[in-house]
*Asks:* 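Structure provided below as structure tokens; questions to follow.
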Amino acid sequence: MTPDKLKKNRTLIWKFTAILVAFIVIFDILVITQQTRLLEDETISRTNQEFALFGKLIAGLLTKNDYAYIEDSISRWSQKQNDIINLQVIAHNGFVIASYKRKVPDAKHKRFQRVIQYGKNKTATITMTRDISSVTKAINTLSIQLVTFSIILVTLLGFLLQRTAIQPLQKEIIDHEQTEDKLRQHTIKLREINNELETFSYSLSHDLRAPLRAITSFSQIIKEEASQKLNAEENGYFNRILNASNRMAELIDDMLALARVTQSNIQFTAVNLSKLADEARERLMLIGTKRNITWRIHEDLSAYADQNMIALVFDNLFGNAYKYTGKNPDANIEFGCIYPDTGVDMPDNVYFIRDNGVGFDMQYSNKLFKPFQRLHNDSSFEGTGIGLATVQRIIHLHDGKIWAESEKDKGATFYFTLNASPK
Amino acid sequence: MNRGLTYSFILFISIISSIVDASDQLILGIHPYKSYNKLLNAFTPLSEYLSKKTGKPVRIIISKDYQTHIEKIGLNKIDIAYMGPASYVKLINQYGKKPILACQAINGKPSFQGKIIIRKNSMLSSLSDLKGKNFAFGDANSTMSHLVPRYMLLKAGVTAKNLSEYKFLGSHDNVALAVLAGDFDAGAVKEAVFYKYKDRGLKTLATTPALSEHIFVTSNKLKPATINSLRAAFLSLAKESDGLNIMHNIKPGMTDMLPVNDNDYDNLREIFQTLQRTNIIK
């Protein structure tokens with residue numbers, strides 16, 4: 001599992017727990033309010049029934065003007081119901097005909113009232129105050145039970161979740177972190193080793209130059225001074241020594257260039273690729289032999305890259321194109337972009353350099369960018385086999401990609417991607 | 001043989017009872033204003049006291065109704081009678097004068113009064129204002145909750161016809177509560193009931209004349225010596241060591257037995273005559 005997925009799962013578990021707790025809380029509140037309403041409704045309907053009965057009795061007594069008996073009835077009725085705190089019959093003029101009061105300290109109570117009719121359009125009011133602390137008590141008991149039950153449920157579920165989901169997840173996270181840590185350490189170690197190797201090869205190449213120069217120079221002197229004393233075969237050997245020395249010097253230069261690319265710091269700026277390509281073409285035409293080549297360099301192509309490095313890319317890729325079109329009297333070399341002027345949707349532009357040279361067999365394409373690997377033998381096309389490795393390294397340093405397409409004798413196209421704008 | 005035995009037994013019983021009669025037993029008659037047992041219990045200490053003072057056994061009988069009670073003493077079938085003022089007036093009216101023993105005194109007073117009551121916030125100021133109003137009476141036979149107030153209304157020119165409504169509510173308490181509840185504009189009650197409810201919002205519109213209290217009378221047949229000894233026993237009751245207990249047993253609040261004259265009941269007599277004349281009572 002990736003760290004993102006782990007994080008997602010963790011949040012999912014927390015969300016689930018939160019929803020569960022919220023659900024239980026809502027459920028508890030609903031049950032309690034429902035039960036409260038039920039008990040209150042029960043009290044109200046009981047009181048209404050009592051009012052109906054008692055009201056009839058009182059109305060009858062009032063119609064008969066038997067007020068004295070109302071007092072009796074009230075206390076008898078109240079004593080039958082042990083939750084009545086206060087019961088009064090009040091005449092239409094506000095006079096309290098009869099009243100029953102029971103002292104209940106700090107009892108929660110509810111007051112009810114009913115107007116009754118008697119005689120000819122006469123009214124009286126019965127007021128009743130009930131002790132509802134039994135309702136409150138019942139609700140309190142229910143609340144305690146529900147809350148206890150909920151806590152137990154959440155604890156159990158939490159425990160289950162901890163055991164089945166969170167603990168394994170945490171273990172996985174720790175494992176993952178440990179693996180990542182190991183990988184990081186490996187990478188650091190590898191980089192160190194790599195740096196050491198590169199430094200070593202750089203100094204090796206550098207140190208090889210002086211003795212090579214000595215070999216070349218002295219071979220040149222001997223050749224010039226002793227060429228007439230030597231026969232043709234011996235002169236041929238000297239020429240071979242000199243050619244080999246020059247070739248070795250080239251190799252060393254290329255290797256130093258590659259090492260320099262690796263060790264230098266990349267400096268991103270907005271780079272005019274069309275201009276860079278044109279400059280590279282000019283450099284090439286200065287040193288190369290005069291040939292009939294048709295150049296096509298698309299205008300106004302730009303990228304966000306290191307100018308010096310990209311110049312090196314053009315030098316190498318144009319150099320290759322020039323080299324491998326050597327046998328074609330109608331050589332074509334083109335630089336362009338597959339998606340010119342694309343917007344934000346395409347952060348990487350895909351550029352290409354195309355020629356109509358000899359091309360290469362696609363089955364060897366995996367060897368193309370490896371140093372010292374050459375797809376053509378030395379005699380037909382000169383070269384060190386380090387150029388494409390350098391190009392690949394530069395493109396990779398730009399977080400880009402490089403690949404090539406070709407068919408034998410039908411030319412080759414090199415593609416590479418660069419950032420169109422700062423990331 | 002059996003028949004002869006039965007006859008001789010009946011003869012024996014009649015002889016025995018005639019001997020007891022001849023031995024001068026006294027009968028104390030009470031009108032049925034409470035249950036038989038309650039009355040028997042209430043008057044037993046008095047009968048024992050009278051027996052001790054006269055040296056004669058005293059038996060208690062309770063009449064089946066007020067009219068029978070009046071008849072019994074009127075025809076001298078009982079020796080001592082306890083009766084209310086209204087019954088006394090009827091008795092004298094129907095059977096002529098009887099020797100008077102004593103009159104009871106409640107809290108020292110040998111007379112009692114009634115009140116015509118209205119609500120505290122009532123605008124009524126005199127009995128004549130009651131015309132067109134409704135009026136609550138207690139019982140039709142009650143002296144203080146009907147007869148005397150009815151007489152007073154009559155004297156003030158208020159008849160049943162110019163009352164918008166009048167009704168008998170049975171008890172004095174109901175009358176007081178009916179007035180307080182606003183169902184009636186005025187009502188008639190005995191004094192004690194007025195004071196019981198006064199603080200809940202009552203005031204007096206008028207007070208009845210003072211009427212002499214309940215009375216003990218005796219048969220014309222008794223010897224003057226017996227009558228004198230009985231009267232002396234009643235009048236000295238309050239001075240006896242357990243006299244107050246004996247009286248309280250009959251009625252809480254009774255404090256004394258006082259001498260009274262027949263003309264002390266003249267005001268009630270006049271009230272009855274007036275009511276009879278106007279056909280309110282027969």
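The chains referred to below are lettered A, B, ... by the order of the sequence lines, with proteins before strands, and numbering in each begins at 1.
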*Asks:* Against chain B, label A:Val89 side chain, backbone, both or neither, depending on which of its atoms sit under 4.5 Å from a heavy atom there.
*Replies:*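 Neither the backbone nor the side chain of A:Val89 comes within 4.5 Å of chain B.
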*Asks:* Looking only at heavy atoms, what is the nearest atom pair of B:Ala181 and A:Ala91, with distance?
*Replies:* O-CB, 3.4 Å
*Asks:* Is the number of heavy atoms from other residues, nucleotides or ligands under 6.0 Å of A:Lys101 NZ greater than 12?
*Replies:*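 Not buried by this count: 12 neighbours or fewer within 6.0 Å.
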*Asks:* Ignoring hydrogens, what is the shortest heavy-atom contact between B:Asp183 and A:Lys122? Give both atom names and the distance.
*Replies:* OD1-CD, 3.6 Å
*Asks:* Compare all side-chain heavy atoms of A:Phe95 with those of B:Leu177 and state whether any distance is below 4.5 angstrom.
*Replies:*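 Answer yes - side chains close enough.
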*Asks:* Within a reach of under 6.0 Å around OH of A:Tyr100, are more than 12 heavy atoms found that belong to other residues, nucleotides or ligands?
*Replies:*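 For A:Tyr100, atom OH is crowded (more than 12 foreign heavy atoms under 6.0 Å).
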*Asks:* From A:Asn65 CG over to B:Asn174 CG, what is the distance, rounded to the nearest 0.5 angstrom?
*Replies:*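 With rounding to 0.5 Å, CG (A:Asn65) is 7.5 Å from CG (B:Asn174).
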*Asks:* Go through the atoms of B:Arg200 and report whether side chain, backbone, both or neither lie under 4.5 Å from a heavy atom of chain A.
*Replies:*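 Backbone plus side chain of B:Arg200, per the 4.5 Å heavy-atom cut-off to chain A.
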*Asks:* State whether the number of non-hydrogen atoms from other residues, nucleotides or ligands found under 6.0 Å of A:His92 atom NE2 is greater than 12.
*Replies:*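 Above 12, so yes.
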*Asks:* Near A:Arg163 CZ, under 6.0 Å, is it more than 12 heavy atoms from other residues, nucleotides or ligands?
*Replies:* no
*Asks:* For the CZ atom on B:Phe168, are there more than 12 heavy atoms of other groups (residues, nucleotides or ligands in this structure) within a distance under 6.0 Å?
*Replies:*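 Counting other residues, nucleotides and ligands, CZ of B:Phe168 exceeds 12 neighbours.
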*Asks:* With a sphere of 6.0 Å drawn around CG of A:Asp41, does it hold more than 12 non-hydrogen atoms of other residues, nucleotides or ligands?
*Replies:*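 Yes.
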*Asks:* Quick one: which of A:Asn93, A:Ile97, A:Leu62, A:Ile70 has the most heavy-atom pairs under 4.5 Å with chain B, could you say?
*Replies:*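 Looking at each option in turn, the highest pair count goes to A:Asn93.
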